[in-house]
Peer 1: 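First the structure, which I've put down as structure tokens, then a few questions once you've had a look.
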Amino acid sequence: MWFGVITLFPEMLSAAQYGVTGRALQNKLAELHHWNPRDFTDNKHGNVDDRPYGGSPGMVMSVQPLQAAIHAAQQVAPEGTELIYLTPQGKRFDHAAATQFAKKKGLLFVAGRYEGIDERLMILEPGTEWSIGDYVLSGGEFAAMTMMDAITRLIPNVLGHAESAQLDSHSAGLLEYPHYTRPEIYQDLAVPEVLLHGNHQAIAKWRLKQSLGRTWQKRPDLLENITLSEVEQELLKEYISQANKE
């Protein structure tokens with residue numbers, strides 16, 4: 001998977017060198033490149049932003065250095081690389097989007113700064129707009145790294161276990177079941193009995209029930225987008241009944 005980022009602060013991308021993304025980069029399962037618009041500006045002062053027409057506080061990133069940086073990146077990007085503008089007004093990024101992006105050969109992110117970028121850039125260099133949530137960040141670098149991390153996990157052979165990504169929260173539209181490790185009892189809190197005896201069928205049923213129940217409790221909105229099987233409906237009813245008794 002090829003990742004490129006247009007950013008005024010490439011040093012911020014150093015966080016991608018750690019964890020799952022870092023391992024993917026080290027193992028050549030993904031690669032990350034960056035271009036700084038400051039290296040492409042054509043004005044004598046090296047400015048990459050200016051005051052907005054019409055007034056208002058803040059500065060707006062200029063078209064020319066951003067466009068030149070995009071062109072430089074596209075010269076080395078794989079064919080079919082998608083151009084992505086990171087903006088609060090973009091489509092909400094989620095697991096389904098990450099799954100689709102993971103099938104692509106390359107993604108080129110434009111990390112905006114200040115009050116945003118000159119609107120003409122997106123007309124001259126068409127791409128798709130994406131957001132990681134309904135809030136404002138200081139820049140698109142954090143959003144780019146968030147999206148890259150979520151996407152990288154879905155690249156074949158990146159995770160240590162083939163099933164890991166499939167079992168993550170949201171992979172089936174549900175939140176993940178609870179996890180436990182040693183010790184078996186800690187401050188009078190015990191690991192659920194079903195997990196201790198190696199009955200894989202019973203464990204799978206318990207985990208599905210917990211996943212359904214957690215989604216119902218914490219993110220009921222997710223259930224509106226899922227068609228539950230009869231078995232899943234019955235397990236959810238059991239969970240709700242037990243929860244109401246408690």
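All of these numbers come straight from a predicted model, not from anything done at the bench.
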Peer 1: So how far is it from Thr21 OG1 to Arg153 CZ, rounded to the nearest 0.5 Å?
Peer 2: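 Between atom OG1 of Thr21 and atom CZ of Arg153 there are 9.0 Å.
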Peer 1: So Ile226 and Thr215, do their side chains get closer than 4.5 Å, heavy atoms only?
Peer 2: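 They are not in side-chain contact.
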Peer 1: Using a 4.5 Å cut-off on heavy atoms from C-beta on, say whether the side chain of Glu125 contacts that of Leu66.
Peer 2: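 Of all side-chain heavy-atom pairs linking Glu125 with Leu66, none is under 4.5 Å.
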Peer 1: Are Phe9 and Phe3 in one and the same hydrophobic cluster, where Ile, Leu, Val, Met, Phe, Trp and Tyr link if side-chain heavy atoms are under 4.5 Å apart?
Peer 2: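 In one cluster: yes.
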Peer 1: Check whether more than 12 heavy atoms from other residues, nucleotides or ligands sit under 6.0 Å from atom NE2 of His197, and answer yes or no.
Peer 2: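 Count over threshold, so yes.
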Peer 1: Given 3.5 Å as the limit, does a donor-acceptor pair link the side chain of Asp149 with the main chain of Met145, or not?
Peer 2: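 A pair under 3.5 Å: no.
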Peer 1: Would you check if the side chain of Thr128 reaches a backbone N or O of Ile84 as a donor-acceptor pair within less than 3.5 Å?
Peer 2: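 No: the side chain of Thr128 does not pair with the backbone of Ile84.
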Peer 1: So Lys104 and Ile151, do their side chains get closer than 4.5 Å, heavy atoms only?
Peer 2: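 Contact flag for Ile151/Lys104 side chains = no.
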Peer 1: When you measure from the side chain of Thr81 to the backbone of Leu107, do you find a donor-acceptor pair of N or O atoms at a distance under 3.5 Å?
Peer 2: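 It does not hold such a pair.
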Peer 1: Determine, stepwise, if the pair Leu108 / Gln74 fulfils side-chain contact (heavy atoms from CB on, under 4.5 Å).
Peer 2: CA-CA 8 Å; Leu108 177 59; Gln74 289 174 332; 4.1 Å; yes
Peer 1: Could you report the tightest heavy-atom contact between Leu25 and Ala16, atom names first, then the distance?
Peer 2: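 So the two residues come closest at CD1-O, 3.6 Å.
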Peer 1: Starting at CG of Leu8, measure out to CH2 of Trp35 and round the result to the nearest 0.5 Å.
Peer 2: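 One gets 15.0 Å once the value is rounded to the nearest 0.5 Å.
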Peer 1: Does a side-chain heavy-atom distance below 4.5 Å link Ile70 with Leu121?
Peer 2: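 Yes. Closest side-chain heavy atoms under 4.5 Å.
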Peer 1: Using a 3.5 Å distance criterion without hydrogens, assess whether the side chain of Ser211 forms a donor-acceptor pair with backbone atoms of Arg207.
Peer 2: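 Not a single qualifying donor-acceptor pair exists.
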Peer 1: Which atom names give the shortest non-hydrogen contact between Gly58 and Pro52, and what distance separates them?
Peer 2: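 Looks like O-CD, 3.3 Å.
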Peer 1: Are Leu195 and Leu235 connected in a single hydrophobic cluster, I mean Ile/Leu/Val/Met/Phe/Trp/Tyr linked by side-chain heavy atoms less than 4.5 Å apart?
Peer 2: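 No; Leu195 is not reachable from Leu235 via cluster members.
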Peer 1: Would Arg113 and Ser138 satisfy side-chain contact (heavy atoms from CB on, under 4.5 Å), going step by step from the backbone distance to the final call?
Peer 2: CA-CA 7 Å; Arg113 278 271 157 181; Ser138 299; 3.9 Å; yes
Peer 1: When you measure from the side chain of Asn36 to the backbone N and O of Arg38, does any donor-acceptor pair fall under 3.5 Å?
Peer 2: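 Present.
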Peer 1: If Ile, Leu, Val, Met, Phe, Trp and Tyr residues are connected whenever their side-chain heavy atoms lie under 4.5 Å apart, and connections chain through other members, are Trp206 and Leu175 in the same group?
Peer 2: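 Different clusters: Trp206 never reaches Leu175 through Ile, Leu, Val, Met, Phe, Trp or Tyr contacts under 4.5 Å.
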Peer 1: Which heavy atom of Val191 sits nearest a heavy atom of Pro183, and at what distance?
Peer 2: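 Taking Val191 first and Pro183 second, the nearest heavy atoms are CG2-O, 4.1 Å.
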Peer 1: Once you measure the plane-to-plane angle for Trp130 and Phe101, does it fall in the parallel (<30°), tilted (30-60°) or perpendicular (>60°) bin?
Peer 2: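 Perpendicular, since the angle between the ring planes exceeds 60°.
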Peer 1: Could you tell me whether the side chain of Gln233 and the main chain of Leu228 form a donor-acceptor pair under 3.5 Å?
Peer 2: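 Present.
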Peer 1: Do Leu159 and Val20 make a side-chain contact, defined as non-hydrogen atoms from C-beta onward lying under 4.5 Å apart?
Peer 2: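 The answer is yes; the side chains approach within 4.5 Å.
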Peer 1: Output, in order, the C-alpha distance, side-chain angles, deciding distance and verdict of side-chain contact (heavy atoms from CB on, under 4.5 Å) for Met1 and Thr152.
Peer 2: CA-CA 8 Å; Met1 185 77 182; Thr152 301; 6.0 Å; no
Peer 1: Given the rule in the salt bridge (charged side-chain N to carboxylate O under 4.0 Å, His left out) test, do Arg214 and Glu176 qualify, once you have shown the distances and angles that lead to the verdict?
Peer 2: CA-CA 8 Å; Arg214 278 194 160 194; Glu176 196 172 6; over 6 Å; no
Peer 1: Do Leu223 and Leu174 come within less than 4.5 Å of each other through their side chains, counting heavy atoms only?
Peer 2: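 Counting from C-beta outward, Leu223 and Leu174 do come under 4.5 Å.
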Peer 1: Looking at every non-hydrogen atom in both residues, tell me the closest pair between Ala111 and Thr7 and how far apart they are.
Peer 2: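 Closest approach of Ala111 to Thr7, heavy atoms only: CB-CB, 4.4 Å.
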Peer 1: What distance separates Arg23 CZ from Asn157 CG, expressed to the nearest 0.5 Å?
Peer 2: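 Reported to 0.5 Å precision, the distance equals 11.5 Å.
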Peer 1: Crowded around Tyr53 OH? As in, over 12 foreign heavy atoms under 6.0 Å?
Peer 2: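 No - once you tally the heavy atoms of other residues, nucleotides and ligands closer than 6.0 Å, there are 12 at most.
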Peer 1: Are Tyr177 and Lys209 close enough that some pair of their side-chain heavy atoms sits under 4.5 Å apart?
Peer 2: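 Heavy-atom side-chain distance check fails, nothing below 4.5 Å.
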Peer 1: Can you establish whether the number of heavy atoms outside Phe40 located under 6.0 Å from its atom CZ is more than 12?
Peer 2: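 It does: Phe40 CZ has more than 12 such atoms within range.
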Peer 1: Tell me if the OH atom of Tyr180 is crowded by more than 12 foreign heavy atoms within 6.0 Å.
Peer 2: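 Yes - once you tally the heavy atoms of other residues, nucleotides and ligands closer than 6.0 Å, there are more than 12.
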Peer 1: Hey, what's the ring geometry for Trp216 with Tyr239, parallel, tilted or perpendicular (30° and 60° as the breaks)?
Peer 2: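 Perpendicular, since the angle between the ring planes exceeds 60°.
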Peer 1: Is the backbone N or O of His95 less than 3.5 Å from a side-chain atom of Thr99, with the two atoms forming a donor-acceptor pair by type?
Peer 2: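 Flag set: sc Thr99 to bb His95 pair under 3.5 Å.
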Peer 1: If I take atom CD from residue Glu234 and atom CG from residue Leu212, how far apart are they, to the nearest 0.5 angstrom?
Peer 2: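 Those atoms lie 11.5 Å apart.
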Peer 1: Hey, is OH on Tyr186 packed in by over 12 heavy atoms from elsewhere, all under 6.0 Å?
Peer 2: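 No.
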Peer 1: Are Ile6 and Pro37 side-chain neighbours, meaning at least one heavy-atom pair lies under 4.5 Å?
Peer 2: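 Counting from C-beta outward, Ile6 and Pro37 do come under 4.5 Å.
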Peer 1: Between Tyr18 and Phe142, is there a shared hydrophobic cluster once you connect ILVMFWY residues whose side-chain heavy atoms come closer than 4.5 Å?
Peer 2: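 No, no single cluster joins them.
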Peer 1: For atom CD of Glu230, is the number of surrounding heavy atoms from other residues, nucleotides or ligands below 6.0 Å larger than 12?
Peer 2: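 No, CD of Glu230 has 12 or fewer neighbouring heavy atoms, counting only those of other groups under 6.0 Å.
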Peer 1: Just verifying a value: how many Å separate Thr146 OG1 and Leu137 CG, rounded to the nearest 0.5 Å?
Peer 2: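 Reported value, rounded in 0.5 Å steps: 8.0 Å.
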Peer 1: Give a yes or no on whether the backbone of Ser229 and the side-chain of Glu232 come within a donor-acceptor separation of less than 3.5 Å.
Peer 2: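 Checking the backbone N and O of Ser229 against the side chain of Glu232, a donor-acceptor pair under 3.5 Å is found.
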Peer 1: Would you give the length of the straight line joining atom CE of Met148 to atom CD of Glu141, rounded to the nearest 0.5 angstrom?
Peer 2: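 Going from the CE atom of Met148 to the CD atom of Glu141 covers 10.0 Å.
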Peer 1: Which is it for Glu115 and Met59 under the side-chain contact (heavy atoms from CB on, under 4.5 Å) test, yes or no, and what are the steps along the way?
Peer 2: CA-CA 6 Å; Glu115 294 304 307; Met59 304 291 277; 5.9 Å; no
Peer 1: Do Tyr85 and Phe93 belong together in a cluster built from hydrophobic side chains that touch within less than 4.5 Å?
Peer 2: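 Same cluster: Tyr85 reaches Phe93 through Ile, Leu, Val, Met, Phe, Trp or Tyr contacts under 4.5 Å.
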Peer 1: Please report the closest heavy-atom contact between Arg92 and Gly133, naming both atoms and the distance.
Peer 2: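 Between these two residues, the closest heavy atoms are NE-CA, 3.8 Å.
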Peer 1: Considering non-hydrogen atoms only, spot the tightest contact between Ala190 and Ile185 and give its length.
Peer 2: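 Taking Ala190 first and Ile185 second, the nearest heavy atoms are CB-CG1, 4.0 Å.
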Peer 1: Taking Val48's backbone N and O only, do any of them form a donor-acceptor pair with Thr41's side chain (distance below 3.5 Å, no angle check)?
Peer 2: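 Side chain of Thr41 to backbone of Val48, a donor-acceptor pair under 3.5 Å: no, none is there.
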Peer 1: If only atom types and distance count, is the side chain of Ser62 paired as donor or acceptor with the main-chain N or O of Gln64 below 3.5 Å?
Peer 2: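 Side chain of Ser62 to backbone of Gln64, a donor-acceptor pair under 3.5 Å: no, none is there.
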